[in-house]
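In listed order, ligands and their atoms are each counted from 1.
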Amino acid sequence: MMNNKPLYVTQPSLPPLEDLQPYLEMIWNNKILTNGGPLHQEFETRLAEYLGVEHVSLFTNCTVALITALQALRVSGEVITTPYSFVATAHSLLWNGLQPVFVDIDPDTFNLDPERIEAAITPQTTAIMPVHCYGNPCDVDRIQKIADVHGLKVIYDAAHAFGVKRNGESILRHGDLSVLSFHATKVFNTFEGGAIVSPDAKTKRRIDFLKNFGFADEVTVVAPGINGKMDELHAAIGLLQLNHVDEAIRKRRDIDMSYRVRFTGLPGIECLDVPKNVEWNYSYFPIRVKPGYRLSRDELYNELKKQGVFSRRYFFPLISDMSMYRGLPSAAMANLPAATMAANEILCLPIFPDMTEADIERVSHVLMNEATTVLE
Ligand code: T4K
């Protein structure tokens, strides 16, 4: 029988509800709700261990963390970034009065193309903000080389890269800072949440001041900091989620494989390459809808929607096409051909740990049906 229940691009994983009760009792008993309480401290420590990094600062969300990361490194002037991301990447620059300079992406990885970065550097450039798009690691070595030659900071928007390792090492250990998102739609969620990974204790300390209004102690304010703190309830959720994230990623991998098997040989539908030497998190399942397919990307998106399957065009429109950015010289379409193509071809299909075989079949059925019509 046809299942009409909406199937969304994602559905958050949640720990067993009863596991939250002891944490709630702890919070209710000690009355510490926020400002670096015991659960916050425990989550920070356990998260750093899990991720294989030394210094983590928890945040209320990734966007505030990105804004703070730029302030912590005193970034000024122009920042090189990608147009192929969620708006928060570039918004964090505008919130700091910085000018985004868009550089095109590599058409295979969807990440900032290192070949094109140097041509965009001017005397005003102080930093690069790349995104590990869909959890695909950026070319961190080449980006670092360019940054070193030109004296630039590198802040990775690692919102998609929870748990991703390259050559057995966390991808979050690259650049000056990496910023994570624990939003409901992410591989690892605390409902809302985020974190900055720092390479040293001194930088973490500055970030911790900045996320708490700039307070260094009861009477000393060192900077115009913001309120970016994660509270005890969200930290409790984070601690519980850590117990299940490995299994969640395993389930995502199985769904990813199941889709790939079904789409092999389907004309006009291309799955993305699985990155090599990478422990991936399978955070998204993007496909390219090519001209060989009977429907355009948007027609397929609408056909799926008609059948209750809510895929998403991450990332369309490009950030550089939005009204607050499109006046910038670097936002010109001619400057961004690969990003423009990706924005027109990519469709992210539903993927989440509790997705059933029947759900996968339901999505695939729409894609296959549309493909067979072509062959008739
Ligand atoms: N940098 C990058 C590269 C990012 O991708 C993001 C966020 C950020 C920075 C900023 O991180 P945060 O400040 O948010 O921590 C979603 C998310 O809101 C956003 O966090 C995420 N990227 C972006 C890629 O996707 P929307 O507008 O697509 O979300 P929404 O509400 O339409 O959710 C998608 C589907 O998920 C819904 O149709 C149903 C399902 N869903 C969603 C929520 C919120 C649930 O089942 N339960 C839920 O609670 O932006």
Side-chain angles (χ1 to χ4, degrees), residues 5-14 57-70 79 81-96 100 102 105 109-112 129-138 155-162 164 171-172 175 177-197 211 226-230 234 237-238 241 248 252 281 283-286 301 304-305 308-320 322 339 342-343 346-355 359 363:
K5 232 180 97 196
L7 183 58
Y8 296 113
V9 69
T10 190
Q11 178 182 286
S13 306
L14 291 171
S57 300
L58 296 172
F59 272 80
T60 182
N61 62 53
C62 170
T63 306
V64 170
L66 284 168
I67 293 170
T68 306
L70 290 158
V79 178
T81 191
T82 167
Y84 194 72
S85 182
F86 188 63
V87 283
T89 310
H91 280 2
S92 72
L93 302 175
L94 290 201
W95 274 93
N96 278 300
F102 297 112
I105 56 169
T109 64
F110 302 90
N111 290 330
L112 212 48
M129 184 182 271
V131 177
H132 300 296
C133 191
Y134 310 133
N136 255 335
C138 290
I155 298 165
Y156 282 104
D157 179 338
H160 300 178
F162 187 93
V164 173
I171 199 66
L172 307 171
L177 296 173
S178 291
V179 186
L180 290 160
S181 171
F182 309 147
H183 183 259
T185 55
K186 296 291 187 272
V187 164
F188 176 88
N189 85 76
T190 57
F191 289 28
E192 292 272 4
I196 303 181
V197 175
K211 77 174 191 189
I226 199 158
N227 181 356
K229 293 167 274 120
M230 178 180 278
H234 288 85
I237 304 271
Q241 296 284 44
R252 284 175 174 276
N281 62 11
S283 46
Y284 294 88
F285 194 83
Y301 165 82
L304 283 162
K305 203 179 203 173
V309 177
F310 295 87
S311 62
R312 291 299 283 264
R313 289 163 291 188
Y314 296 134
F315 292 100
F316 169 84
L318 291 178
I319 299 177
S320 46
M322 294 175 186
I346 289 284
L347 195 61
C348 288
L349 300 181
I351 185 165
F352 52 89
D354 290 338
M355 204 173 166
D359 291 333
V363 179

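With contacts defined as side-chain heavy-atom distances shorter than 4.5 Å, the pair Ser85/Ile319 qualifies. Considering only heavy atoms from C-beta on, Phe315 comes within 4.5 Å of Cys133 through its side chain. Inter-residue side-chain proximity for Ile67 and His91 is flagged as unmet; no heavy-atom pair is nearer than 4.5 Å. In this structure, Val131 and Leu112 have side chains that are not in contact, with every pair of non-hydrogen atoms separated by 4.5 Å or more. In this structure the side chain of Leu58 reaches within 4.5 angstrom of the side chain of Phe182, judged on heavy atoms. Looking only at side-chain heavy atoms (C-beta outward), Lys186 and Ser283 stay at 4.5 Å or farther from each other. Put simply, the side chain of Leu7 does not reach to within 4.5 Å of the side chain of Phe310, judged on heavy atoms.
Under a 4.0 Å heavy-atom criterion, Pro12 is in contact with ligand 1. Heavy atoms of Tyr284 come nearer than 4.0 angstrom to ligand 1 in at least one pair. Residue contacts with ligand 1: Phe310 is excluded, as none of its non-hydrogen atoms falls under 4.0 Å.
For ligand 1, the atoms closer than 4.0 angstrom to any heavy atom of His160 are 3 (C), 4 (C), 5 (O). Near Ser85, the atoms of ligand 1 lying under 4.0 angstrom from a non-hydrogen atom of the residue are 3 (C).
Nearest to atom 49 (O) of ligand 1 among the protein's heavy atoms is Ala184 CB, 3.6 Å. With respect to atom 22 (N) of ligand 1, the closest heavy atom belonging to the protein is Lys186 NZ, 2.8 Å. Annotation: atom 6 (C) of ligand 1 to nearest protein heavy atom, Phe86 CD2, 3.3 Å. Protein heavy atom closest to atom 42 (C) of ligand 1, with residue, atom name and distance, is Thr185 CG2, 3.8 Å. Among protein heavy atoms, the minimum distance from atom 32 (O) of ligand 1 is reached at Arg312 NH1, 2.8 Å. Of the protein's non-hydrogen atoms, the one nearest atom 1 (N) of ligand 1 is Asp157 OD2, 2.7 Å. In terms of protein heavy-atom proximity, atom 15 (O) of ligand 1 is closest to Ser181 OG, 2.8 Å. Counting only heavy atoms of the protein, atom 40 (C) of ligand 1 lies nearest to Thr10 O, 3.3 Å.
Not one N or O of Glu192 is nearer than 3.5 Å to an N or O of ligand 1, by distance alone. Close N/O approach between Val9 and ligand 1 is not found [any backbone or side-chain N/O within under 3.5 Å]. Some N or O of Thr63 is nearer than 3.5 Å to an N or O of ligand 1, by distance alone. Inclusion of Gln11 in the set of residues having an N or O under 3.5 Å from an N or O of ligand 1 is not warranted.
For His183, the ring-ring contact (aromatic ring centres under 6.0 Å, His included) test picks out no residue, with sequence neighbours left out. Listed by chain and number, the residues in a side chain to side chain contact (heavy atoms under 4.5 Å, CB included) with Phe316 are Arg297, Arg313, Ala343, Asn344 (sequence neighbours excluded).
Ring-plane geometry between Phe162 and Phe188 is classed as parallel, the angle between the planes falling under 30 degrees on a 0 to 90 degree scale with a further cut at 60. Ring orientation note: the planes of Tyr314 and Tyr284 are nearly perpendicular, at an angle over 60° on the 30°/60° scale. Aromatic ring orientation, His132 versus Tyr156: parallel (interplanar angle below 30°, classes split at 30° and 60°). Taking the six-membered ring where tryptophan is involved, the planes of Tyr134 and Phe110 are perpendicular, since the angle between them exceeds 60° and thus also 30°.
Taking only non-hydrogen atoms, the option from Pro6, Ala159, Ala90 nearest to atom 2 (C) of ligand 1 is Ala159. With distances taken over non-hydrogen atoms, the option nearest atom 29 (O) of ligand 1 out of Tyr8, Phe59, Tyr314, Phe315 is Tyr314.
If you look at Ala88 next to ligand 1, the close heavy atoms, those under 4.0 Å, all belong to the side chain.
The nearest protein heavy atom to atom 20 (O) of ligand 1 is closer than 4.0 Å.
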